Number of protein chains: 2
Amino acid sequence: MPTIRDIAKAAGVSPASVSRVINNGPKVGAKTREKIKRIIREMEYQPNANAQAINMQNNASIGIVLADLTDPLFAKMAHGIEKVAAEQNLQIFLNSGAFDRASELDAIEVLLEHRYQALVVHSAMIDDKTLIDFARKVPGLVLLNRYIKEIEDRCIWLDDKLGGALMADHIVEKGHQKIAVIGVDGILNNTRYRLEGIKAQLNKYPVQFEVEMLEQGAATYEGGEVAVQNLLARGVEFSAILAYNDAIAIGATSMLKAHGLSVPKDVSVVGFNDLILAQCIKPKLTTIHNPIEEMAMKATKLALSLSKNSDLGEIESVADKHKYVPVLVQRHSVQEIS
Amino acid sequence: MPTIRDIAKAAGVSPASVSRVINNGPKVGAKTREKIKRIIREMEYQPNANAQAINMQNNASIGIVLADLTDPLFAKMAHGIEKVAAEQNLQIFLNSGAFDRASELDAIEVLLEHRYQALVVHSAMIDDKTLIDFARKVPGLVLLNRYIKEIEDRCIWLDDKLGGALMADHIVEKGHQKIAVIGVDGILNNTRYRLEGIKAQLNKYPVQFEVEMLEQGAATYEGGEVAVQNLLARGVEFSAILAYNDAIAIGATSMLKAHGLSVPKDVSVVGFNDLILAQCIKPKLTTIHNPIEEMAMKATKLALSLSKNSDLGEIESVADKHKYVPVLVQRHSVQEIS
DNA sequence: TTGAAAGCGATACCAG
DNA sequence: CTGGTATCGCTTTCAA
C-alpha cells in the first residue's frame, strides 16, 4: 500500500505537494496537480485515514451508538441519522451495544478512542451519572431518545408521559374501564414515564389503575404473547390493553385470538411507535406515532454543531426544541363500548 | 486530552513503559505497572486509537458495509455479525450504503482508508467487476449474501435458485396452475436466481411460466400492494402469488383483501426470508426460511480468519461451506386446490 | 526492567 | 508555487 512519500517520489515532487493535492488545497501549479493526480490514480493510492486523524486532532465522521440493532425502532433512527450524514457528506460509524451495559460503555469508549467529535448515543442500559460524565467530557455528544435533566440541552427525547396520557385518554373516551397495561422490564425510563402518563390520565376519570392490571416483560412480539397469557392466567378482567410498543401489541393480539378473543370486538389494543408493522396487520393497529426519525435527524445536527462550535450558546428554550410530541393514530384495533 | 507522554511524565517513567502497560505487554516491573495504571486512571487517559492504528499497520475492529439499514433483513445480519464480534471481543464499525451505488462505494472506501482488515460487505448496487477488484486488493474482504463466481471463496450466499424452486414446487403440489410472481427491480442477482429457480421448476410440471404473470417493483410492503394492483388492473388470472420477500407478500395480501379476495381461500401467497413479520400476520405466512443470521456469522468468521491468515488454504469445497440452503416453512397462507 | 530514539503516514509551517 | 522538516500520539527495536 503506497504512502504519500511513494507518490511524491514517483511524481518527482515533495510529500507536501501531494498532501495539498489530496486535500484540494491551493498553491499547486496546474500541471503539477494533474501529474500528481494521475500518479495517485495509477498507484491506487488511498490516504490513511488514521494518519490524517492523528494530525487533524479529530475525526470528521460521526459516531453512533445504538442500544440494540434488533430493535425495529433502530432502523428508523439509523435512517434519520443517515439522512443528515448524507446531506453533509459525512460517513457514520455505528457501534452497537446489544442491550448490555458493558457493551454500550465499550462502544462509546471505542468511539472516543478514535476521537470522533460528534457522537449520537442511544443508550438503554447506562445510568444517568455515567452519561452526564461523558457529556461533560465530550462537547459533541448527544443523547437520543433519553432525557436527563442535568444535561437536557444535550438530549433529544419524546414526551413519553404525554404518550401514555394519549393512550389512556383515547381508551377511556371509547368507554373502557378495565384497562390492562403491558410494560417492559429494564431501566429504561420511557416505560416509567409512559406508565406515569397513563396513571395520571386515568385518575382524571373515575377509573383507577390497579397494580394487578400491569404486566411486565420483553419488548417483543413474544413478550406480548406471554404478557397476555399471564394476564389471562391470573384471571384479571380487561376490555382493553395498552402496550409499550407495537410488537407487544401485535403479540398480545395474536395470543388473544388464540384464546378465542377477538380484537377489537372483545378486547381493544393500543400500541406505541407506529412502525410500519402497525399497518401490516389486521386489524390495523391504533397506536401512538413516535417521530423518532425526526428526532434522530435533530440529534445528529445538534451533535454536529456542538462538536464544531461548542460555545454556540443556544438561545431558545431547550424543551421547546428538544422535546418531541407523540400523537395518537387511530386505526382499527380499538372499539367503542358502552 | 492527555497523551502517553503526559502519563509518562506524571509517572516519572518513559513513554515506552506506559505503552507496555497499555498493551498488557511484558517487561514491566510490578510496582511500575501499578503506578502507571493509577496515573492512567487518575488522568483519565484514553489511548488514541488512530495513533495506535497507524503504528500497527492495521485496524483490529471489523468493518461492515450494509446496503440498506431500512431493510428488515439487515437486523438479522447485523445481529449475526455482532454475535461473533462480541465472542471475539471486537468492535464492529458499520457503514451503510443506503441502496445507492455511490454511497456503497464510499462506505467501502472509507473503511479501507481506515485500514480495517476484516470487511463484511453486503452490497446490492455495486457491479461484480468492481467487487472483484476490491476482493483482490483486500484479503480480508468477504461478500455477504452475494455470489460472484470468480471470487466464490470470498462469498457467502444463499442458494436462491433452490429457494425459487422450493416455492414453485410447493405451490404446484398444492394444485395451483396460474401462478403470479412478484420480483423486484434493481441489479440484485437474488431476484434473478429466484426467478430462474421458479421457472425451471415450473417447467418440470405441465405448467408454463408466462411473462405477463411477472410483476416487478420495490421490495417493500407498498411494493407488494402496487404489484397486486397492477396484476389486477392488467386482468391477469392467478390463484397464487410467489413474492420476492415477506414484506411484499404481506403488502400483496393486504391489497388482495382490499379487493375482496381472501388469503388463502381465493389466492395463496408464499413469501421469502421468514422474518418475524411472517408469523405476526393473519394468516401466518408460508415462506422460505433464509438462514441469513448464520450466514452473517460465517461471513464474519471468514473475514476475520482471512484478514489474519491470508494464506491459510481452504481445503474443503467452497460451495459446500459457503452456499446456504433455504427451506420451506409451511404456515397458513397457502391452500390446496383441486 | 527501563529508556532513547527511530519510525508509522500525513499535515502545515517556514523558507526559498 | 514548491520543498524541507517538525509534529501528531503511539509502538518497538536496541542498548543500557
Side-chain angles (χ1 to χ4, degrees), chain A residues 1-40 43-61 91 109-117 138, chain B residues 1-40 43-61 109-117 137-138:
Chain A
M1 188 135 288
T3 76
I4 202 171
R5 256 179 282 269
D6 298 325
I7 304 298
K9 207 164 297 169
V13 300
S14 78
S17 295
V18 179
S19 175
R20 291 182 187 111
V21 171
I22 294 171
N23 302 296
N24 283 312
K27 310 187 183 187
V28 185
K31 339 118 172 287
T32 321
R33 186 179 300 261
E34 280 323 305
K35 183 171 185 184
I36 294 178
K37 276 192 176 170
R38 213 195 57 229
I39 307 266
I40 286 182
M43 303 185 62
E44 298 189 319
Y45 167 74
Q46 274 189 318
N48 183 320
N50 299 306
Q52 295 186 148
I54 210 186
N55 276 289
M56 324 239 273
Q57 299 286 39
N58 82 98
N59 204 318
S61 336
Q91 292 291 322
E109 221 102 68
V110 170
L111 254 9
L112 288 179
E113 285 175 4
H114 281 269
R115 301 296 187 264
Y116 287 88
Q117 310 277 290
V138 188
Chain B
M1 188 135 287
T3 76
I4 201 172
R5 256 181 282 269
D6 297 326
I7 304 297
K9 208 165 295 170
V13 300
S14 79
S17 295
V18 179
S19 175
R20 291 183 185 111
V21 170
I22 294 171
N23 302 296
N24 284 312
K27 310 186 180 188
V28 185
K31 339 103 180 292
T32 321
R33 185 179 300 261
E34 280 322 306
K35 183 171 186 186
I36 295 178
K37 276 192 176 170
R38 212 195 58 229
I39 307 266
I40 287 182
M43 303 184 62
E44 298 189 321
Y45 167 72
Q46 272 189 320
N48 183 321
N50 299 306
Q52 294 186 148
I54 211 189
N55 276 288
M56 323 239 270
Q57 299 287 40
N58 82 98
N59 205 319
S61 335
E109 220 101 67
V110 169
L111 255 9
L112 289 179
E113 285 175 4
H114 281 270
R115 301 296 187 266
Y116 287 88
Q117 309 279 292
K137 221 172 302 171
V138 188

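Letters go in sequence order (proteins before strands), and every chain restarts at 1. All figures in this text were calculated on a predicted structure; none of them were measured in a lab. The figures that follow rest on heavy atoms only: side chains count, while hydrogens, waters and symmetry mates do not.
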(message) To the nearest 10°, give me the bend of the helix from C:dT1-D:dA16 to C:dG16-D:dC1, comparing the axes of its five terminal pairs at either end.
(response)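 It works out to 40° between the end axes.
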
(request) Go along nucleotides 7-16 of chain D 5' to 3' and tag each nucleotide: B for a protein heavy atom under 4.0 Å from its base, S when only backbone or sugar atoms are that close, - otherwise. (result) BBBBBBB---

Atom pair [atom1] ([X]) and [atom2] ([Y]), whose distance is rounded to the nearest 0.5 Å:
X      : Y      : atom1 : atom2 : value
B:Y45  : B:M43  : OH    : CE    : 10.5 Å
A:I22  : A:I40  : CD1   : CD1   : 5.0 Å
B:L111 : B:H114 : CG    : NE2   : 8.0 Å
A:Q117 : A:L112 : CD    : CG    : 9.5 Å
B:S61  : A:E113 : OG    : CD    : 9.5 Å

Nearest heavy-atom neighbours spanning [X] and [Y]:
X      : Y     : answer
A:R20  : A:K27 : CD-O, 3.8 Å
B:N23  : B:Q52 : OD1-OE1, 4.5 Å
B:R115 : A:Q46 : NH2-O, 2.8 Å
B:N48  : B:N50 : OD1-N, 2.8 Å

(request) Check DNA chain C against residues 32-40 of chain B and give the residues with a non-hydrogen atom under 4.0 Å, in numerical order. (result)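 Those residues are B:T32.
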
Please output the side-chain donor-acceptor pairs of residues 4-18 of chain A that fall under 3.5 Å, not counting sequence neighbours, one pair per line with the distance.
{"residue": "A:D6", "atom": "OD2", "partner": "A:T3", "partner atom": "N", "Å": "2.7"}
{"residue": "A:S14", "atom": "OG", "partner": "A:A16", "partner atom": "N", "Å": "3.3"}
{"residue": "A:S14", "atom": "OG", "partner": "A:S17", "partner atom": "N", "Å": "3.4"}

(request) Please find the earliest and latest nucleotides of DNA chain C, in the 5' to 3' direction, that have an atom within less than 4.0 Å of any heavy atom of chain A. (result)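 Span of nucleotides near chain A: C:dG9 to C:dC13.
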
(request) Applying side chain to side chain contact (heavy atoms under 4.5 Å, CB included), name anything that partners A:K37, two or more places apart in sequence or on another chain. (result) A:V21, A:R33, A:E34, A:R41

